[in-house]
Each structure stands twice: as C-alpha cells, then as structure tokens.
K.L.:
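Below you'll find the structure I mean.
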Amino acid sequence: MHKNKYALIVVDNTSANTDKVFTYVIPEEIINYVEVGKRVLVPFGKGNRLLEGLVIEIVDDIDFIPNKLKSIKKVIDDTPIISKKLIELGLWMKDKYLAQYIEVFKTITPTGISNKVIKYIKITEKCKYAYKGSLDEKQKKIIEYLFELKECELSKLKADLRIKNINIHIKALEDKGLIELFDKINTGIGKKYEKFVKRIFDKDKTTEIIDSLSKNAVKQIEVIKILNDVEYIKLKELMLKANCSYSTIKSLYSKGLIEILDINVDRSPIKEYIPPYKKVSLTEYQKLCLDTIINDISKGNINKFLIHGVTGSGKTEVYLQLIEKMLSQDKDSIVLVPEISLTPQTVERFVGRFGNKVAILHSRLSIGERYDEWRKIKEGKVKIVVGARSAVFAPFNNLGLIIIDEEHENSYKSSMNPKYSAIEVAEKRCDLENAALVLGSATPSIETYYRAKNGDLKLLEMPTRVNKTKMPSIEIVDMKKELEKGNKSILSEALFKAIKDNLHNKKQTILFLNRRGFSTFISCRKCGYVVKCSECDISMTYHLDNNVLKCHYCGLSVKPPITCPECGSRYIKYFGIGTQKVEEYIKKIFPSAKVARMDVDNTTKKGSHERILNDVKNGEVDILIGTQMISKGLDFPNVTLVGIIAADISLNLPDFRASERTFQLVTQVSGRAGRGDVEGKVILQTYEPEHYSILASKEHNYKKFYDMEIKIRKEFNYPPYTSIINIVLGSKDEIKLKEVSKEFYFCLVNALERSFRKVRDDLILGPNPAPIYKIRNNYRYQIMIKCRDEEIQIVKKILKDLVINKKNDKKFRNIKISIDINPTSII
DNA sequence: AGCACGCCGACT
DNA sequence: GTCGGCGTGCTC
C-alpha cells in the first residue's frame, strides 16, 4: 500500500491564531514535485479558499492524524525559492525576534516574487438559456452584471455591486449552475523582455539590397547601412541611430530583410560604465589584518572578526582582497553596507574590481530590478552581492563570507517585523553555512566591541591611515563663551575664519548639522505656544523652499500661522536651526562661494544624490552642507575643513545610546577631512565641551570613550550587560490605551513573578507614555524590560504567550502591541 | 484575515 | 415564521 507523505507548510495568512505550521497530505501524483522551499497552493479554512504556502519540511509520519487533513492543490515553483539553510535561519529568527512565520519568510524571500491567487467569477453557458424568473432581485443583479463582463475578479464584482451577504447569493447561483468560480494565479512580475532587430540578409549583399529599395526610402537605406555593421541591435537604439520610426523597421520586416525578436534581458541597475578599480599594495596593517583572517579561517581557529580601523585606514581594500580569496575558492560573498552609503562611490569599488560578478541590492531598486538581481544570485550568475540590510538573505548556495561595513550603523536593525539585526542574523547564517563573518568600523558599537574583548570575535586593529596622513586635528569651540562674547550667529568666530581661509585657499569645506529643515520649531513669544503636528506629539519644522511646516514623523505639511492660534498675537518667532537655515546663512555671508546642501529633502529623486556628489568631486562646490548623509563613505581629497555646527543635538536625546551616537557621528564626520595631502581640520561647536564623548573624539581615542561608556552601561544595567525588550502599545483611543497598558503590565509582572523567585527592581519599567507620545494620531505607551542573558528565553516565552492571549482578548481590540528586542533607540 | 455558524431582534 | 445583523470561533 502507498504510504502518505506529509508537508509542513507555512500558510500566507497573517493572524496571531494562524501563526502555526499546518500539515497537508501530499497527493501521490505530485509527490515528485513537492520539495522543501517551494511554494504550493493549499485549501484553507472553511471556504477552502486557496492560499499560498511555503513547504518548510516533508515528513513520513505525523504524531496524530487530525481528523480532516487536506491535500496540497498545486505546486507553484519549479525549483525551491529558499534553501533549507535559509529556512532554518528563518525559524531561528522567528524565535529570536518573536515574529510570525509568515513575516519571517516574506522577509527572506524577495518581495515581488509572491504569487497571488485571485478568485474570478463567470457565467456559465447554461445561464444564457436558463429561466431566471425564480431568482430574487440581488441574484438577478449579479447575473446582469456578469452578462456585460462575462468574467471578472470576484472582489471587483463585490466592490461594484455592494450587495449585503453577497456570498450567500453567489453560493446559491453556483448551486443552480448559473455561475462558476475559478482561480487565476498572478505570477507577479515576469522577466523583462526587450525588442531586438536581427539582420537576416547576407552581409556582402548590402549594396545590392540598397539598390533594390526605392530611392525615396532614405530611412530604410540608413537602417540597412547600420545593420551592415552589427547583426543584433536593440530596436530602440536602432531607431535612435537611424532617426526613424517603428514603421520603417516594420516595412523592412515585411520585406523579409530583418527579424524582430523579444529577447529576455536583465534589468541592470548598474547603468554607466564603471572604470576598473585597481588593486593596490597593502599597508603593513592591512596586510596583517588580511593575513590573520585568511589564516584563521583556513585553520578553523575562529571565523568571526571585528576590524577596528580608523577612518581612511583602507578597510575596503581588505574586504576586496578577502572576496578575491573567496572567489579563488569558488565561494560566494555578501557585503552589507548601510543604506545611505550605498552610493555609486561604494558600488564602483566592488563593480570596478569584480565586474559582472557583482549584484547590487538596495531599496531604490524597482520590484522588477530587485527580482532580476535576486534571480542572478539564485542562478549562480554572480558571486558577490553588495547591498543593504536585507542582502544578508541573498540566496547563495555556497556562501563563504559575510562582510558588514560600518557595523555600528543603526540601519542594520529592521524597524519592521521581524525586527531583526542584520549583524545577529549574519552571525547565525555564518554558523549555519560555515562561512566567515567580518565586521568593520572606525567606531564599533559598544556591544560588538565588548564581544570582541570577550573573545567572541577576533579584534583586529588598523590604527593608521593608508596614505600616512595624520588624523585631522579637532578644535572644540564652547558656544556658551561665544554667546558671552556677543556672537549669536550660527558660526563661531573660529569656524567663520576657517571657512573664509579655506575659500581663499580654494579648498573645500563640509558643514555638518544633523537636522534638516529651516527652523526646528516655531513658537509664540507672547504665550509660549509651540506649533505641533496635529497627528503627532512633535513640534513642526519650518521648511523654507516651499514655505511650509512639516512634521518629520508623518510628513504632514501645513502653512505656517501668521498670528498665534492661542492668543492671536503676531509675535511668532522661528527657533532652532536646520540645514536649510545654515545654507541660507552661508550664502548670505559668503556670497561668492558655491554652496550645496544634501539631506533627505533634496535627494529623494533617483540620481539626485549622485549629482550633488559629482559636483563636489568636480570642484563645483566650495561648501557642502548636510546631515548624517554626508557623514560616511565620502572621500574627497580637497576637503580640508569640517565644521560641526551643533554636536549637542544627538547628545541630548533621551536615549542611553546618545553618547555613543554622538561619538560615532563626530568621528565619522571628522574622518571626511584631510583625506588628501593637506592635513585636515575639524571645528566642533558645542555647549558641552567637557562631555567625555566630545573629549574622546577630539583625541580620536575610541578606547577611552569605550572605557567610560562601558562603566555607565554596567552601572545602569544597559546593553551589553542586559538585553532590552521594548514593548510599545499603541491605539487611537487614549483613555482605553492607558488602562489596557496597565493591565498588560500587571499580567506581565504576575507571569514573571511566577517564573522567577524574585523580580529585580529594574527588570521591568513602565508602563510610561512613550517619549514620542503620539505618532499619526496613535497614542503610545511603553514597557521596557532589561533582562540578563540567562533570563531572556523565559521572558520571551512569557511575552509570546501573553501577546497571543491578549490578541484574543476583547479589551485589546484595536490595540497594537509591538515588541522590539534590543531596539537601536528607545524613543 | 476571512469565512461560516448561530443567536436574537425587527418585520412581513 | 424568516430575514439579516452581528458576535464567536476555527482554520491542517
């Protein structure tokens, strides 16, 4: 007798209650086609509607036979879209970040590849002749509607007719045999095709053919001439070259001289020619670093490394030569870079060295482009992937190396479910696939450095710059003293003078301010009213270019008030500075200087980023003003001065990582100065010149900063000594939220008390209104858990059960519960 | 989520 | 009686 096989399937259905693995019977006819990692269609729920599912395991036996086991309907993929190793990684992520199966696997498999099953409805042959007198009004309406369209999407019919209880009527009509329901599978994006023209006449008969054409057929002759030189040409290109229309080509086609073909092309996101990026000889430190890594990997000593290299120490060259080593062993490499530094400059280095062996993945790719890159990786056409966070899931089968550059960057943490850290995921993936992990940074995160010191990663230092230039000197300017001197402007005397000198010497300057817009808040001088976003608990930022107040959380724009909405006075004043104001001010006091600004407000369009950087490169910019965006990766030898307008912005945030972030920013931005022959200079303006994070960055002394910071972390029980679990409850109903947050808190405390004999005082904090109390009209309450390594599994289990329990609780309807394990920020 | 079942009030 | 509204519970 045939023995059944069963597939364990994650069904595409987002609900706390369906977040389970479902078992289906594999019908014998398709047993050879069902494989782990392929998607299938399965009947689900009472209506047996077809849903997509991912096969994550195939088993011969199941512990118990649930009474009504259903069968797989259809296999979608020819080959698995996800490897067993990546499935394992996904299951690990689900547990680690308390996410749902479906969320995890949607993250790992590329977006846009998902097939949608769409229900269609049509009328039957029988219906055309059948007597319809027995139908009620609503059913008649449906039939009439379908008579026009013959068939249509079920959802469209429902939306157009808006009949109540429509399902019952549809079922009745189906039973009578008047209509039929069927499914169509939408295969998502297809491959890209482009029209090509092929010459099918003999090359040496070209003149003969030209003679045979009418003398009036100037364009056709031109086309033939072009085709004399090339056999294949893109239709668009040919039309452009010959300056002709499609009809010219068509007439040549009808004469049988050419063929028009649809050829599958890859949408290549690398559009321009990229010059080769030459291999350079390594400095002593680079060589030591490279050799240590290669040696350790081959001996199997350790496979995780942290390169702590100062800005300009040439980490990229080490990465490149490591990848080269991997290539020689036929192994694949993944390079992760922060989203904002995924600029052409970064890409050029990898593509310039390895050419078409490189695929690029980042958020600005269209769905089609992303799918093409994904397919190239999957099919083994490329060996290297350079990309942002999600590139950690690149579907390689022979992974040898994952490199994470600028390891401390918070863009490696996802803000959406699963709220994963690409660093932790990369580490896990390396363990699973026996690959090596290399992290690199000039300012490693405290957590990573701590782990390196503990021996979890091997620490490699690169303390000097490649071209032996000195680190830039940093001058700290106390802005309180400037104020005492009577200088109320944005620039201190020292910075003003330095910019002036730099302009005179034809050197470039970068001015950094981590805040966009013009004024950060506007307020009434009479009553103190501050304009806040109506949807969020955030003061609105004034933007000069289109004269609006913008909320930087929800994007809402309003016209600035002329009189105070509270007291009616006209004393509305604009406070705080943003990059736009700096730009305006600089243009005013240095009218002859060429000034450019770079922040999210003017780089959203494709290519705008590149344009600004090119202008800087070509010397068409004297002063570049920008936010975080300009803090990393930029390498312009003529930039000798960096001005940090206000280092305090990041320092004063109510977040335990504020000092760390400030140190990182100052170090990174400073690193932009003096990359050429002339020593760089940094002028740092602050109201807190004695702060340890400012002082340590002045000395370029990471270790000094680390030693200070780690003591504070220990004292206050912050990471790396604990893991933080941040629970945010959100709702539009403020009163209900407050109540429910308390209830959630007490349930949590109760459960914790049952599991731990004694609950530490600072294990669980809250519930407090979140630092940003309202976003997009959603009120937010926060509960924070600081737990030690040995506690975390139990705490997560408790939380998971509690959340599922509460999601089924009527009281928690319309309450969103978001859990973030080790968030990058607790604001 | 989405679908069916089942209870209960309004109305022919 | 019975139509339709809505709350409840389950999905291999």
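Labels below follow one simple rule: chain letters A, B, ... track the order of the sequence lines, proteins then strands, and each chain is numbered from 1.
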K.L.:
Any side-chain heavy atom of A/Ile72 within less than 4.5 Å of one from A/Ile9?
P.N.:
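Yes, side chains in contact.
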K.L.:
For A/Glu125, give me all partners under salt bridge (Lys or Arg N to Asp or Glu O under 4.0 Å), at least two apart in sequence or on another chain.
P.N.:
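A/Glu125 satisfies salt bridge (Lys or Arg N to Asp or Glu O under 4.0 Å) with A/Lys128 once adjacent residues are dropped.
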K.L.:
Between A/Phe22 and A/Phe44, does the ring centre distance come in under 6.0 Å?
P.N.:
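Ring centroids of A/Phe22 and A/Phe44 are less than 6.0 Å from each other.
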K.L.:
State which of C/dT8, C/dC12, B/dA1 makes the closest approach to the side chain of A/Arg49.
P.N.:
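Taking heavy atoms from C-beta onward, the closest nucleotide is B/dA1.
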K.L.:
What's touching nucleotides 5-7 of chain B from the protein side, N or O pairs under 3.5 Å?
P.N.:
none

K.L.:
Heavy-atom nearest nucleotide on DNA chain C for A/Arg813 versus A/Asn48: which residue maps closer to 5'?
P.N.:
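It is A/Arg813 whose nearest nucleotide is closer to the 5' end.
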K.L.:
Go through B/dA1, C/dT8, C/dC12 for me and flag the one nearest to the A/Ser15 side chain.
P.N.:
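The nucleotide sitting nearest to the side chain is B/dA1.
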K.L.:
C/dC10 C1' sits how many Å from A/Leu51 CG, rounded?
P.N.:
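It is 14 Å, rounded to the nearest whole Å.
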K.L.:
Are the aromatic ring centres of A/Tyr773 and A/Tyr779 under 6.0 angstrom apart?
P.N.:
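Yes - the distance between ring centres of A/Tyr773 and A/Tyr779 falls below the 6.0 Å cut-off.
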K.L.:
Tell me the interatomic distance from A/Lys807, atom NZ, to B/dA1, atom C1', rounded to whole angstroms.
P.N.:
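Result: 12 Å.
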K.L.:
For A/Lys94, which residues count as a salt bridge (Lys or Arg N to Asp or Glu O under 4.0 Å) partner, sequence neighbours excluded?
P.N.:
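Salt bridge (Lys or Arg N to Asp or Glu O under 4.0 Å) list for A/Lys94, sorted by chain: A/Asp19.
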K.L.:
Starting at CG of A/Asn17 and ending at C1' of B/dA1, how long is that distance when rounded to a whole Å?
P.N.:
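That distance rounds to 10 Å.
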K.L.:
Answer with base, sugar-phosphate or nothing: what part of the nucleic acid does A/Phe44 contact at a heavy-atom distance below 4.0 Å?
P.N.:
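Since a base atom lies under 4.0 Å of A/Phe44, the category is base.
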K.L.:
Nearest-Å distance, CZ (A/Phe812) to C1' (C/dT8)?
P.N.:
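Going from CZ in A/Phe812 over to C1' in C/dT8 covers 19 Å.
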K.L.:
Tell me the interatomic distance from A/Phe22, atom CZ, to C/dT11, atom P, rounded to whole angstroms.
P.N.:
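Distance, rounded to whole Å: 8 Å.
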K.L.:
What is the distance from CG of A/Leu41 to C1' of C/dC12, rounded to the nearest Å?
P.N.:
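In whole Å, C/dC12 C1' lies 16 Å from A/Leu41 CG.
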K.L.:
Pick from A/Val803, A/Ile785, A/Asp820, A/Leu802: which one makes a side-chain contact (heavy atoms from CB on, under 4.5 Å) with A/Ile727?
P.N.:
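Looking at A/Val803, A/Ile785, A/Asp820, A/Leu802, the match for A/Ile727 under the side-chain contact (heavy atoms from CB on, under 4.5 Å) is A/Ile785.
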K.L.:
For A/Tyr420 together with A/Phe393, are the ring centres under 6.0 Å from each other?
P.N.:
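When the ring centroids of A/Phe393 and A/Tyr420 are compared, they turn out to be within the sub-6.0 Å range.
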K.L.:
Atom CG of A/Asp809 and atom C1' of C/dG7: how far apart are they, to the nearest Å?
P.N.:
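Taking CG of A/Asp809 and C1' of C/dG7, I get 15 Å after rounding.
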K.L.:
Could you give the CG-to-P distance, from A/Asp19 to C/dC10, as a whole number of Å?
P.N.:
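A/Asp19 atom CG is separated from C/dC10 atom P by 17 Å.
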